[in-house]
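These notes concern the structure reproduced below.
For the numbers below, each heavy atom of this structure counts, side chains included, while hydrogens, waters and symmetry mates do not.
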Amino acid sequence: MLGEITSKVTEKNTENLYHETFTNSAKYGIVEQQSFFDKSISNEANLANYYVVRENDFVYNPRISNSAPVGPVRRNKLNRTGVMSPLYYVFRATTAVYPIF
């Protein structure tokens, strides 16, 4: 079961250490939000409540689309840490599994 090899990320950006907001696109995977939307959806005032997304963390976007009928699940392959809206579910592979697999 997924819960046996992953754990939910609960770390929030409470210290405002990270300022780059990510989004999870069904077509492109995890991308920088401002580039994807051509504007910033988040703002500095609300980033403290966002989840910290580290390299190789997974993000589930519950929004369904034609290309992702149950919502996309993607791995952070950006080689950097950012933040993700609390509307997304962020999880991390345990040491029992190789995250790229």
Mark yes or no for whether Asp57, through its side chain, and Arg54, through its backbone, hold a donor-acceptor pair below 3.5 Å. yes

Of the non-hydrogen atoms in Arg63 and Pro72, which two are nearest, and what is the gap between them? O-CD, 3.7 Å

Close side-chain approach of Tyr50 and Pro86, heavy atoms under 4.5 Å: yes

Looking at every heavy atom in both Asn16 and Ala48, which two are closest together, and how far apart are they? OD1-N, 3.4 Å

Once rounded to the nearest 0.5 Å, what's the spacing between atom NE2 of His19 and atom CG of Leu47? 7.5 Å

From OH (Tyr89) to OG1 (Thr6), nearest 0.5 Å: 6.0 Å

What are the two closest non-hydrogen atoms of Glu55 and Asn79, and how far apart are they? OE2-OD1, 2.9 Å

Run the side-chain contact (heavy atoms from CB on, under 4.5 Å) test on Val73 and Phe91 for me, step by step, so that the C-alpha distance in whole Å, both residues' side-chain angles and the decisive distance to 0.1 Å come before the verdict. CA-CA 10 Å; Val73 175; Phe91 59 100; 3.8 Å; yes

Pairwise distance CD(Glu32) to OG1(Thr23) - rounded to 0.5 angstrom: 10.0 Å

Option from Asn24, Val53, Ile30 for which side-chain contact (heavy atoms from CB on, under 4.5 Å) with Tyr88 holds: Asn24

Give a yes/no verdict on a cation-pi contact between Lys12 and Tyr51, requiring under 6.0 Å between NZ or CZ and the six-membered ring centre and an angle within 45° of the axis. yes

If you round to the nearest 0.5 Å, how far is NZ of Lys8 from CZ of Arg92? 12.5 Å

To the closest 0.5 Å, what do you measure between CD (Glu20) and CE (Met84)? 10.5 Å

Supply the atom-to-atom distance Asn13 CG to Thr21 OG1, rounded to the nearest 0.5 angstrom. 8.5 Å

Verdict with reasoning, Val59 to Phe22, per side-chain contact (heavy atoms from CB on, under 4.5 Å): CA-CA 10 Å; Val59 176; Phe22 297 155; over 6 Å; no

